[in-house]
Peer 1: 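First the structure, then my questions, so here it is.
In what follows, every heavy atom counts, from backbone to side chain, and hydrogens, waters and symmetry copies are set aside. Everything numeric in this text was worked out from a predicted model, so none of it was measured.
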Amino acid sequence: MEYAFSTIEKKWKKYWQDNNVYRVSNDSSKPKYYILDMFPYPSGAGLHVGHPLGYIASDIYARYKRMKGFNVLHPMGFDAFGLPAEQYALETGQHPAVTTEKNIARYKEQLDNIGFCYDWEREVRTSEPNYYKWTQWIFLQLFHSWYDRKQQKARTIKDLITIFEKEGNTNNACPDDDKLCFDAKAWAGMSEKEKRDTLMKYRLAFQGYAEVWWCEALGTVLANDEVVNGVSERGGHPVIRKQMRQWFLRITEYADRLLTSLDKLEWSDAMKEMQRNWIGKSNGAEVRFDVQGFADKYITVFTTRPDTIFGVDFMVLAPEHDLVDTITTAEQKEAITEYKKYVQSRSERERMAEVKQVTGCFTGAYVTHPFTRKQVPIWISEYVLASYGTGAIMAVPSGDDRDHAFAKHFEIPITNIFGSNYNGEAAYTDKTGTLENSGFLSGIDLSKAIDVAIRAIVDAGIGKAKVNFKMRDAGFSRQRYWGEPFPIVYVNGIPYATDEIENGGNLPVELPMVENYKPGPEGEGPLANVTEWVTTDKGTRETNTMPGYAGSSWYFLRYMDPKNDVEFASKSATDYWREVDLYIGGTEHAVGHLLYSRLWTKVLHDLGHISFEEPFKKLVNQGMIQGNSRFIYRLTLINNTKEQKPLEFPVFISHSYRNQFVHNTISHEELIKTINKFANESGTEYEIPFDNDYKIHVNPLHVDISFVDGVQLDIEKLKQSKSEYNNAIFVLEDGKYICGAEVEKMSKSKYNVVNPDDIVGDFGADTFRMYEMFLGPIDVSKPWEQKGIEGVHRFIKKMWRLYADEQTGWIVTDEAATDAELKLLHKTIKKIGDDIERFSFNTAVSQFMICVNELTSLNCHKRAILEPLTVLITPFAPHLAEELWQNCFGNTATVLDAPFPAYDEKYTVDNSKVYPVAVNGKTRAEMEFALDMEQAALEAAVLADETIQKWMEGKPVKKFIYVKGKMINVVV
RNA sequence: GCGGGUGUGGUGAAAUUGGUAGACACGCUAGACUUAGGAUCUAGUGCUGCGAGGCUUGGGGGUUCGAGUCCCUCCACCCGCACCA
């Protein structure tokens with residue numbers, strides 16, 4: 001009886017589906033465990049072998065936890081709103097809803113093919129009205145709340161109105177505008193519009209005018225993390241800064257909480273560090289410098305080094321700073337205008353590319369140094385960013401690298417405040433040593449000087465201690481069609497939440513069907529074209545839609561209660577499942593999705609909707625599986641003006657010729673000679689002519705990896721794929737055409753995609769699952785390597801042969817197991833359990849292989865060993881386990897409900913090893929060894945006694961006994 | 001530049017608190033059974049040496065009876081941030 005994986009797997013998939021074995025209940029006496037994968041965006045290309053890596057790991061862990069007696073929630077869904085579907089619609093006219101539906105169906109089919117234990121009844125799709133109804137509802141909660149800085153939590157806007165009516169905003173500074181100040185009377189005197197404008201400056205979801213990243217090609221604004229290296233993350237289009245009316249989330253109010261509660265999370269240090277970096281907290285001070293010649297003009301700077309204030313040699317403003325035009329002197333006006341024009345002309349990309357270049361311009365104006373009363377020149381330069389701090393700095397060349405470079409470049413005299421620590425060549429940026437030449441700070445140690453300086457600044461009334469964050473409020477508008485519409489209606493130009501004008505808000509505000517996805521007028525979204533939708537009897541609708549991260553910021557909550565149509569999830573459901581215990585996904589969401597999810601969770605917690613404030617307790621990042629691309633090298637002719645012309649026949653040279661050619665170890669002439677020889681031998685009369693104007697040029701082309709075995713090209717397959725290649729000439733080495741290889745991202749255009757369906761078809765889902773795990777640690781990225789899968793497949797077949805014989809069928813016996821067999825079994829149980837717990841699935845698979853190899857050589861077919869082994873392998877190879885469980889051991893229920901085998905300690909102690917026993921002073925060669933633990937411990941004890949004796953007699957002893965396992969270790 | 005991480009055979013990788021480095025698998029070599037095999041099985045496979053042996057975890061140094069593992073230093077690669085005052 002052969003291992004017929006395709007029949008077996010089909011059979012069990014049907015069984016699982018028919019019997020609903022993966023349905024999860026919210027009502028269980030078992031402890032809960034919530035394990036979640038980052039849900040995919042269903043793209044048209046379908047899944048490739050890289051996608052399931054994390055899903056397989058989480059599936060194994062979920063099944064393991066279930067067998068360990070937990071009620072496990074392990075759901076899957078789809079992040080279905082987004083740009084690609086809309087762009088596809090623009091190109092083909094197919095509605096995004098249609099293509100999305102199609103893609104999801106394909107994804108589900110591919111996922112089911114691998115045998116995951118999802119409860120599909122809990123599936124969520126962010127683009128479904130019954131889902132985005134609650135996305136809109138949460139948006140309204142954000143809209144209807146503000147952040148109380150004293151209580152450090154979100155509260156409803158109604159509370160704020162009550163406060164304003166009683167005392168104005170004197171105790172609650174405006175986060176948008178710290179100069180805004182009004183009392184109760186002033187509040188009462190405001191018009192409806194003024195009141196709402198004021199409240200808008202407090203709301204957690206608010207509308208504001210701000211400079212945003214605008215992408216002309218995509219016709220939309222982008223969030224900071226959607227802009228990479230000055231171009232859009234998707235498509236790589238150029239972006240510019242533009243003032244636009246936008247929706248924002250006031251994430252900056254949560255900066256501190258997002259930072260501090262990171263410490264409690266079991267995330268990798270790298271991941272936490274990335275978030276810390278993004279939040280970018282820095283402690284320092286704000287200091288005021290009065291501008292000379294203006295009674296009421298001053299420059300406020302932010303600095304982390306107030307201790308270096310006596311080293312200030314000049315001030316620098318961002319070119320966009322408000323004061324620039326006011327303070328610039330008549331003589332400098334032209335130069336400043338010129339410089340500002342230059343800055344504006346430079347794209348973000350150029351600015352980033354030329355970080356090192358020093359540019360700037362003097363305004364002609366001066367400030368007075370608050371302590372020395374010296375006059376200090378004011379410059380502008382693009383190295384000071386308008387968006388950070390106050391958009392102005394005090395420059396201390398002796399203590400800051402950039403200021404130093406600037407001073408040197410413009411020959412501004414440098415004041416040394418570090419004595420011999422500053423050498424005149426490079427700024428002294430260390431925080432050790434003492435200050436000199438620094439007035440009242442002279443002689444003070446740098447480690448204490450910051451506090452002293454801040455106190456003096458406060459006493460002088462020119463500033464205060466200040467915390468600054470790099471993080472900006474999160475842009476929440478997109479001028480796109482395929483996203484959640486805002487539940488916002490403008491009445492007389494004032495934005496109102498729909499639940500302020502209609503009872504319950506009439507959610508969801510459904511996305512209308514359209515046929516035209518082109519952007520609306522004046523940078524508005526496509527929805528602006530749908531006049532019958534925009535116009536309601538109450539007013540006009542907001543035509544922006546929410547960004548991609550809106551739906552994914554809370555989806556983990558919806559799985560808990562996915563069909564609820566009166567709440568986003570019932571309190572009892574969220575109280576039962578609480579936060580995600582284990583979250584698995586890639587690192588690419590470090591600062592986007594993961595940060596926004598944390599924000600939404602905190603807000604929902606503050607408002608009393610859920611009782612936990614972090615969404616993901618433990619986070620595991622899986623690596624990527626990259627593509628293993630193959631190249632063939634086609635020749636063309638090229639002249640010295642880089643014009644290429646093709647040869648009469650396609651000519652491909654094997655990898656080593658290409659290497660010789662590009663490394664100049666074969667001449668142009670010799671190569672042509674070789675090629676012509678090959679052409680002749682293959683019966684082609686055409687010869688490449690020698691031509692001094694047109695030289696040979698090598699073009700690497702991706703070749704479909706299915707035409708290649710290892711690195712050897714199957715020439716016939718390639719020829720069949722394209723008629724153009726029928727009469728191509730292949731220049732071979734050792735009779736073979738060898739391709740070039742490169743590891744790249746898996747993508748259709750690189751012809752290196754491997755579809756999991758094909759692997760499952762050839763080897764079965766169980767082999768595929770185990771192989772992906774066997775490839776290496778799950779957090780490491782690596783290229784897909786098809787060759788190794790045979791080894792895992794061989795293992796599964798070998799395991800099968802322990803249970804079944806090709807001729808006689810099932811061969812499991814009831815014989816009693818020997819000690820050696822039991823030992824092997826329990827060692828395996830212990831190792832597999834430990835490995836799963838610490839997410840080391842590759843070593844777990846290895847252990848299975850060792851176990852099966854040994855059982856094979858022991859010729860062991862005993863039920864006492866094989867039955868627990870079957871249960872043990874269930875998380876990895878569930879189909880195989882079910883088949884064996886039922887046929888060999890006569891079980892009627894599914895193996896999924898069998899408890900994970902327990903190991904017996906008496907079999908797991910390994911005394912086959914040699915344990916070192918030694919005392920201090922012996923060399924390695926002199927070390928003594930014991931054969932087993934007990935003996936080692938005994939000898940160690942004897943030796944220890946002697947040594948302790950010596951020590952008590954006053955003789956020096958440092959350290960002595962070392963035994964593996966239990967270390968008996970006395971240190972004096 | 002700053003921050004984080006990783007360096008082990010021809011390849012993917014093991015070695016959980018310092019304890020016989022290279023488990024397991026791929027690949028390769030030889031052999032067996034085969035009409036054939038890209039099936040299966042057996043043996044070998046870090047380097048070096050006929051051999052006993054010697055050498056070996058990116059380089060150098062240190063702590064330790066003992067270091068892939070801990071410390072210092074240099075080098076290489078990967079990831080993230082990047083004029084953040």
Side-chain angles (χ1 to χ4, degrees), chain A residues 229 268-278 280-282 284 301-306 308 316 318 351-352 354-359 381-385 387-396 399-403 405-406 429 468-472 587-588 590-591 621 623 709-710 771 774-777 779-783 785-792 794-795 797-798 801 806 831 834-835 837-838 840 842-853 856 913-929 936 958-967:
Chain A
N229 291 331
S268 69
D269 290 341
M271 216 61 176
K272 290 192 199 176
E273 205 50 40
M274 270 188 240
Q275 291 218 342
R276 285 195 195 104
N277 237 312
W278 186 261
K281 182 176 182 169
S282 46
V301 302
F302 173 73
T303 176
T304 54
R305 296 293 303 276
T308 62
V316 189
R351 274 176 87 155
M352 283 176 178
E354 302 164 27
V355 162
K356 293 282 168 277
Q357 211 176 9
V358 179
T359 67
S381 172
E382 58 181 336
Y383 87 87
V384 174
L385 307 175
S387 56
Y388 183 77
T390 60
I393 62 157
M394 59 178 219
V396 182
D400 181 281
D401 290 327
R402 292 152 308 179
D403 299 345
F406 195 87
T429 54
N468 228 321
F469 294 95
K470 259 195 263 185
M471 186 166 67
R472 305 265 74 91
T587 51
E588 66 272 22
V591 289
N621 297 116
D709 179 21
Y771 181 57
F774 183 69
L775 230 40
D779 54 342
V780 173
S781 291
K782 56 217 150 245
E785 186 53 74
Q786 181 94 18
K787 280 250 151 82
I789 199 165
E790 304 274 354
V792 175
R794 213 169 283 153
F795 150 74
K797 283 193 284 187
K798 207 167 174 179
R801 287 198 297 271
E806 268 188 39
K831 177 97 169 91
D834 289 353
D835 284 347
E837 288 286 357
R838 67 189 176 104
S840 180
N842 55 332
T843 54
V845 175
S846 294
Q847 185 58 42
F848 276 120
M849 291 178 174
I850 293 167
C851 181
V852 166
N853 283 346
T856 304
K913 277 195 169 176
V914 174
Y915 297 92
V917 179
V919 293
N920 189 26
K922 288 199 173 181
T923 65
R924 186 172 184 159
E926 289 166 341
M927 264 173 37
E928 293 164 32
F929 291 87
K958 241 164 88 194
K959 250 182 177 183
F960 31 101
I961 312 306
Y962 308 85
V963 179
K964 193 198 171 185
K966 284 172 198 161
M967 235 195 314

Peer 1: Of the non-hydrogen atoms in A/Val792 and A/Phe774, which two are nearest, and what is the gap between them?
Peer 2: CG2-CD2, 4.0 Å

Peer 1: Here's a test of your reading of the structure: between A/Asp834 and A/Ser387, which maps to the more 5' nucleotide of RNA chain B?
Peer 2: A/Asp834

Peer 1: Take atom P in B/rG31 and the same atom in B/rC79, then report the distance between them in whole Å.
Peer 2: 46 Å

Peer 1: Please check if the side chain of A/Gln275 supplies one atom and the backbone of A/Ala590 the other of a donor-acceptor pair under 3.5 Å.
Peer 2: yes

Peer 1: Identify whether any heavy atom of A/Val316 sits under 4.0 Å from a base atom; if not, whether one sits that close to sugar-phosphate; answer base, sugar-phosphate or nothing.
Peer 2: nothing

Peer 1: Is B/rG10 syn or anti, taking syn as a glycosidic angle within 90° of 0?
Peer 2: anti

Peer 1: Distance check, rounded to the nearest 0.5 Å: A/Tyr388 atom OH versus A/Phe469 atom CZ?
Peer 2: 9.5 Å

Peer 1: Out of B/rC83, B/rA39, B/rA23, which nucleotide sits closest to the side chain of A/Ser846?
Peer 2: B/rA23

Peer 1: Roughly, in whole Å, what's the span from NZ in A/Lys272 to C1' in B/rG3?
Peer 2: 16 Å

Peer 1: To the nearest 0.5 Å, tell me how far A/Asp400 CG sits from A/Thr429 OG1.
Peer 2: 8.5 Å

Peer 1: Where the side chain of A/Met274 is concerned, which of B/rG80, B/rU40, B/rA85 is the nearest nucleotide?
Peer 2: B/rG80

Peer 1: Got a donor-acceptor contact below 3.5 angstrom from the A/Arg472 side chain to the A/Ser387 backbone?
Peer 2: yes

Peer 1: Rounded to whole Å, how long is the line connecting atom CG of A/Asp835 with atom C1' of B/rA13?
Peer 2: 14 Å

Peer 1: Does A/Glu785 reach a base, just sugar-phosphate, or nothing at all? Heavy atoms under 4.0 Å.
Peer 2: nothing

Peer 1: If you check the A/Thr303 side chain, which of B/rA85, B/rG80, B/rA15 turns out closest?
Peer 2: B/rA85

Peer 1: Taking only the side-chain heavy atoms of A/Arg801 (C-beta and beyond), determine which of B/rC41, B/rG3, B/rC83 contains the nearest atom.
Peer 2: B/rC41

Peer 1: Would you give the length of the straight line joining atom OG of A/Ser268 to atom CE of A/Met274, rounded to the nearest 0.5 angstrom?
Peer 2: 7.0 Å

Peer 1: For the atom pair CZ (A/Phe302) and CG (A/Asn468), what is the distance rounded to the nearest 0.5 Å?
Peer 2: 4.0 Å

Peer 1: For B/rU16 and B/rC70, measure between their P atoms and round to the nearest Å.
Peer 2: 11 Å

Peer 1: On RNA chain B, does the nearest nucleotide to A/Gly389 precede the nearest nucleotide to A/Val845 from the 5' side, or the other way round? Give the residue.
Peer 2: A/Val845

Peer 1: For A/Asp835 and A/Thr843, test the side chains for any donor-to-acceptor distance below 3.5 angstrom and give the result as yes or no.
Peer 2: yes

Peer 1: What is the distance, rounded to the nearest whole Å, between atom CG of A/Leu775 and atom C1' of B/rU11?
Peer 2: 12 Å

Peer 1: Quick one: is A/Arg838 getting a side-chain N or O under 4.0 Å of the B/rA14 phosphate, OP1 or OP2?
Peer 2: no

Peer 1: For the pair made of NZ in A/Lys782 and P in B/rC79, what is the distance, rounded to whole Å?
Peer 2: 15 Å

Peer 1: Identify the two heavy atoms, one from A/Asp403 and one from A/Met394, that lie closest to each other, and give their separation to 0.1 Å.
Peer 2: OD2-O, 4.0 Å

Peer 1: Heavy atoms from C-beta onward define the side chain here; which of B/rC83, B/rA23, B/rA85 lies closest to that of A/Glu382?
Peer 2: B/rC83

Peer 1: Just to confirm, is there a sub-4.0 Å distance from OP1 or OP2 of B/rU40 to any side-chain nitrogen or oxygen of A/Arg794?
Peer 2: yes

Peer 1: B/rA85 P sits how many Å from A/Ile393 CD1, rounded?
Peer 2: 11 Å

Peer 1: Nearest whole Å is fine: how far is B/rA14 C1' from A/Asn853 CG?
Peer 2: 16 Å

Peer 1: Between B/rG46 and B/rU42, how many Å separate the two C1' atoms, rounded to a whole number?
Peer 2: 23 Å

Peer 1: Pairs counted as Watson-Crick or G-U wobble with both distances under 3.5 Å: what dot-bracket string results for RNA chain B, using | for bases tied to another strand?
Peer 2: (((((((..(((......[....)))((((((.......))))))(((....)))..(((((..]....))))))))))))....

Peer 1: Quantified in whole Å, what is the P atom distance between nucleotide B/rA52 and nucleotide B/rC47?
Peer 2: 16 Å

Peer 1: Which of the following nucleotides, B/rA85, B/rA23, B/rA14, is nearest to the side chain of A/Ser282?
Peer 2: B/rA85

Peer 1: For B/rU17 versus B/rC26, give the span between their P atoms, rounded off to a whole number of Å.
Peer 2: 29 Å

Peer 1: Check whether any side-chain nitrogen or oxygen of A/Thr843 sits under 4.0 Å from OP1 or OP2 of B/rU16, and answer yes or no.
Peer 2: no

Peer 1: Using a 3.5 Å distance criterion without hydrogens, assess whether the side chain of A/Lys272 forms a donor-acceptor pair with backbone atoms of A/Ala270.
Peer 2: no

Peer 1: Distance between the C1' atoms of B/rU8 and B/rA30, in whole angstroms?
Peer 2: 28 Å

Peer 1: Tell me which nucleotide among B/rU40, B/rA25, B/rA13 gets nearest to the side chain of A/Pro777.
Peer 2: B/rA13

Peer 1: If we take the C1' atom in both B/rC41 and B/rC33, what is their distance in whole Å?
Peer 2: 8 Å

Peer 1: Can you tell me the distance, in whole Å, between the NZ atom of A/Lys470 and the C1' atom of B/rC81?
Peer 2: 6 Å

Peer 1: For atom C1', what is the distance between B/rA25 and B/rG80, given to the nearest Å?
Peer 2: 33 Å

Peer 1: Rounded to whole Å, please give me the gap between CG in A/Asn842 and C1' in B/rA25.
Peer 2: 11 Å

